[in-house]
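It should be emphasised that the depicted structure is a prediction, and the values quoted were computed from it without experimental measurement. We use all heavy atoms of the structure for the numbers below, so side chains are in, but hydrogens, waters and symmetry mates are not.
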Amino acid sequence: MKVIAVAVIFLLLATYPSLGTYCKKVDIPPYFDLRDVNGTSYVTSIKHQSGGTCWCHATMAALEGNLLITGKWNEMGINEEPNLAEYHLDWWNGFNKFYNGDLRNPKGNGLEVHYGGDYRVASAYLTREGAVYCEEANDDTEYDYNWFENPPEHFREDYIRFYPRHIEWYSAGENLENIDLIKKKIMEHGVMATCMCYSRAFIDERNYTHYQPPTDDTPPNHAVAIVGWDDNKKTQAPQPGAWLCKNSWGSDWGLNGYFWISYYDKWCGKHPEMGAVSFYDVEPLRYEYIYYYDYHGWRDTMENCREAFNAFKASSNFLLEAVSFYTAVDNVEYTFKVYDEFENGKLKYLLAEKSGVINYTGYHTIDLDEPIAFPEGDDFYVYLWLSDGGQPIDCTSEVPVLLGALQRGTVVKSTAHFGESYLRISNRWVDLHFIKPSANFCIKALGNSFVPTEANLECNGSIKISDARAGSKLTASFIIENAGDYLSNLDWEIVEWPEWGKWKFSPKSMENLKGGRNVTVNVTIKLPYQINTFEGEIKVINKENPNDFAIIPVAITTSKNPILYKIIQLLLHYFPFLSFENLIYLSS
């Protein structure tokens with residue numbers, strides 16, 4: 001299990017809540033520019049990239065734009081525009097020969113540093129640990145060259161991390177049938193990342209308009225960011241209409257660093273993984289710990305799998321506050337559940353459940369209705385059901401990124417182990433490691449540390465039975481509850497019960513019963529072969545505080561069948577060597 005610890009860093013259906021912002025009715029203007037929305041700019045300054053880091057710059061331009069349009073950056077009180085560290089992403093994305101944190105030896109496998117990446121690579125990094133803001137990364141020029149030549153530290157106390165709660169992939173469609181969706185998302189969430197195939201054959205360098213005909217299959221080789229549009233902009237395409245794009249080649253290139261790409265371009269707004277990507281609800285990372293196994297994020301999809309879960313263990317006192325996952329298609333219903341145990345092939349003791357609808361393909365973070373406290377060493381299990389598209393996974397994969405990596409056969413290795421990820425096959429849970437040894441499901445658990453409070457043991461119920469048959473087997477139950485608050489965990493045990501009869505309890509003890517939750521104890525009693533009233537008590541203790549205990553009273557009366565009782569009395573009269581207990585046993 002991978003746990004990123006950032007404590008030193010972070011300061012459809014009417015019955016379902018909807019995730020992935022549903023497009024409200026919005027009037028879409030024929031011209032829109034995020035640099036001037038009623039006199040306010042939601043676009044950061046032009047940068048000048050070094051090396052093949054266009055994808056880093058386009059990603060950060062989108063995150064920075066969202067921070068501006070939501071006002072989150074202004075809330076930080078930092079007296080300069082957001083300038084996130086492209087070269088921290090470039091060095092520490094985990095897909096390159098410099099560093100792959102999923103391997104025991106993290107060097108030597110993957111992409112060349114400074115040469116290539118894509119938005120899935122960026123998403124894996126951002127959802128593991130967040131984007132970095134640090135004054136030291138910036139040199140007050142368009143180049144921000146400080147961290148390009150040599151790698152910055154991976155983690156530092158003065159880093160401020162920013163986390164996108166949602167990442168969504170859109171496509172305008174071959175016939176631009178979904179172009180209004182992209183426009184609405186830009187108006188709502190700000191700058192959007194995209195791609196293109198830059199070539200002098202496709203760009204008019206006098207007007208800086210770009211158009212790659214749809215009949216040309218040359219793959220994309222450059223990443224930029226969409227900041228607006230003009231429905232009437234003429235380009236080399238047969239019809240007007242173009243996206244206003246922010247490049248990363250300095251302000252002395254193009255139209256002060258900007259240019260236009262036709263709506264009808266081969267890739268911009270249309271490429272399935274790079275065409276239109278929105279990073280939104282970007283915020284200072286609020287989580288100290290992120291539990292995950294999908295170090296490289298979404299690399300493939302198990303299309304026929306609907307149900308999966310990841311098994312985690314709290315490395316310290318962990319307060320689970322949110323769950324995140326990817327969806328591989330649009331319009332997906334989801335249900336996630338959190339369980340306390342996985343035993344004998346079954347998930348047990350449901351702690352939380354939430355359902356909803358994800359409207360668009362991508363990554364989403366969903367808060368629990370109430371946080372759950374797991375003490376250090378406690379196991380917990382996050383289950384996910386998706387209605388369509390299958391379950392996204394991380395696995396060893398070839399990375400089809402910009403700059404021709406696929407042609408070079410760039411394989412990035414992922415690792416997995418038994419006991420981490422499970423899928424449902426024919427109504428039973430199967431360890432994913434048996435099926436795909438390098439794979440894990442893309443299910444994360446996010447939260448913070450907590451200081452445990454004292455548990456409070458309470459028991460409800462009693463065992464009172466009349467007219468029981470002597471020597472028979474009875475079943476009963478009672479409830480054990482942790483009446484402490486949500487930060488407490490109760491370790492309890494049944495330590496005393498009546499000496500008469502034979503007793504079985506299921507469960508007989510338990511660790512980490514969560515505050516405010518209860519468990520039913522099922523009791524099986526084999527009664528003595530006697531007609532009597534049997535009394536006693538069951539004692540349950542708090543193992544951490546034996547003075548905190550509860551008593552369950554017991555009273556069971558075995559009945560006298562009048563006819564049977566007369567027969568037994570006659571037998572004893574004529575056959576005194578027989579015992580009462582043996583006669584009761586023979587008659588039962």
Mutual orientation of the aromatic rings belonging to [X] and [Y] [parallel < 30°, tilted 30-60°, perpendicular > 60°]:
| X | Y | answer |
| --- | --- | --- |
| Trp503 | Phe505 | parallel |
| Trp169 | Tyr326 | tilted |
| Phe336 | Tyr334 | parallel |

For the residue pair [Y] / [X], report whether a side-chain donor-acceptor contact shorter than 3.5 Å exists.
| X | Y | answer |
| --- | --- | --- |
| Tyr280 | Glu168 | yes |
| Asn310 | Ser421 | yes |
| Glu420 | Asn440 | yes |
| Ser477 | Thr520 | no |
| Thr365 | Arg165 | no |
| Asn482 | Lys514 | no |
| Glu288 | Ser449 | yes |
| Thr335 | Ser355 | yes |
| Tyr363 | Ser123 | no |
| Asn532 | Thr558 | no |

Looking at side-chain heavy atoms only, is the closest gap between Val132 and Arg161 below 4.5 Å? yes

Polar side-chain atom of [X] near backbone of [Y] as donor-acceptor pair, under 3.5 Å:
| X | Y | result |
| --- | --- | --- |
| Arg306 | Asp388 | no |
| Ser438 | Thr415 | no |
| Asp394 | His296 | yes |
| Asn317 | Val451 | no |
| Lys539 | Trp497 | no |
| Asn100 | Asn109 | no |
| Lys185 | Val277 | no |

Do you know which of Glu353, Glu307, Lys337 makes side-chain hydrogen bond (donor to acceptor under 3.5 Å, both in side chains) with Tyr383? Glu307

Tell me if the centroids of the rings in [X] and [Y] come within less than 6.0 Å of each other.
| X | Y | answer |
| --- | --- | --- |
| Phe312 | Phe374 | no |
| Phe325 | His364 | no |
| Tyr291 | Phe318 | yes |
| Tyr99 | Trp91 | no |
| Phe342 | Phe309 | yes |
| Tyr339 | Tyr349 | no |

Which residue is it: Phe441, Tyr422, Tyr293? I am looking for the one with a side-chain contact (heavy atoms from CB on, under 4.5 Å) to Leu432.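 Only one of Phe441, Tyr422, Tyr293 forms a side-chain contact (heavy atoms from CB on, under 4.5 Å) with Leu432, namely Phe441.
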
Scan Thr361, Thr327, Ile393 and name whichever one has a side-chain contact (heavy atoms from CB on, under 4.5 Å) with Trp298.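 Among Thr361, Thr327, Ile393, the one that satisfies the side-chain contact (heavy atoms from CB on, under 4.5 Å) with Trp298 is Thr361.
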
Apply side chain to side chain contact (heavy atoms under 4.5 Å, CB included) to Gln391 and Glu303, showing your working. CA-CA 6 Å; Gln391 291 276 355; Glu303 296 181 355; over 6 Å; no

Criterion side chain to side chain contact (heavy atoms under 4.5 Å, CB included) on Val521 and Ile538, from CA distance to verdict: CA-CA 12 Å; Val521 177; Ile538 299 167; over 6 Å; no

Evaluate the side chain to side chain contact (heavy atoms under 4.5 Å, CB included) criterion for residues Leu285 and Glu283: first the C-alpha distance (whole Å), next the side-chain angles of each, then the deciding distance (0.1 Å), finally the verdict. CA-CA 6 Å; Leu285 182 60; Glu283 63 183 15; over 6 Å; no

Before giving the answer on salt bridge (charged side-chain N to carboxylate O under 4.0 Å, His left out), spell out for Lys436 and Asp431 the whole-Å C-alpha distance, their side-chain angles and the decisive distance to 0.1 Å. CA-CA 9 Å; Lys436 202 171 181 68; Asp431 196 313; over 6 Å; no

cation_pi(Arg286, Tyr163) dist<6.0 Å, angle<=45: no

Does NZ or CZ of Lys313 come closer than 6.0 Å to the centre of the six-membered ring of Phe380, within 45° of the ring's axis?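 Checked: cation-pi criterion not met.
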
Pair Val495, Phe549 - check side chain to side chain contact (heavy atoms under 4.5 Å, CB included), show working. CA-CA 10 Å; Val495 294; Phe549 64 89; over 6 Å; no

Return the minimal non-hydrogen interatomic distance between Ala328 and Gly389, and the atom names on each side. CB-O, 3.6 Å

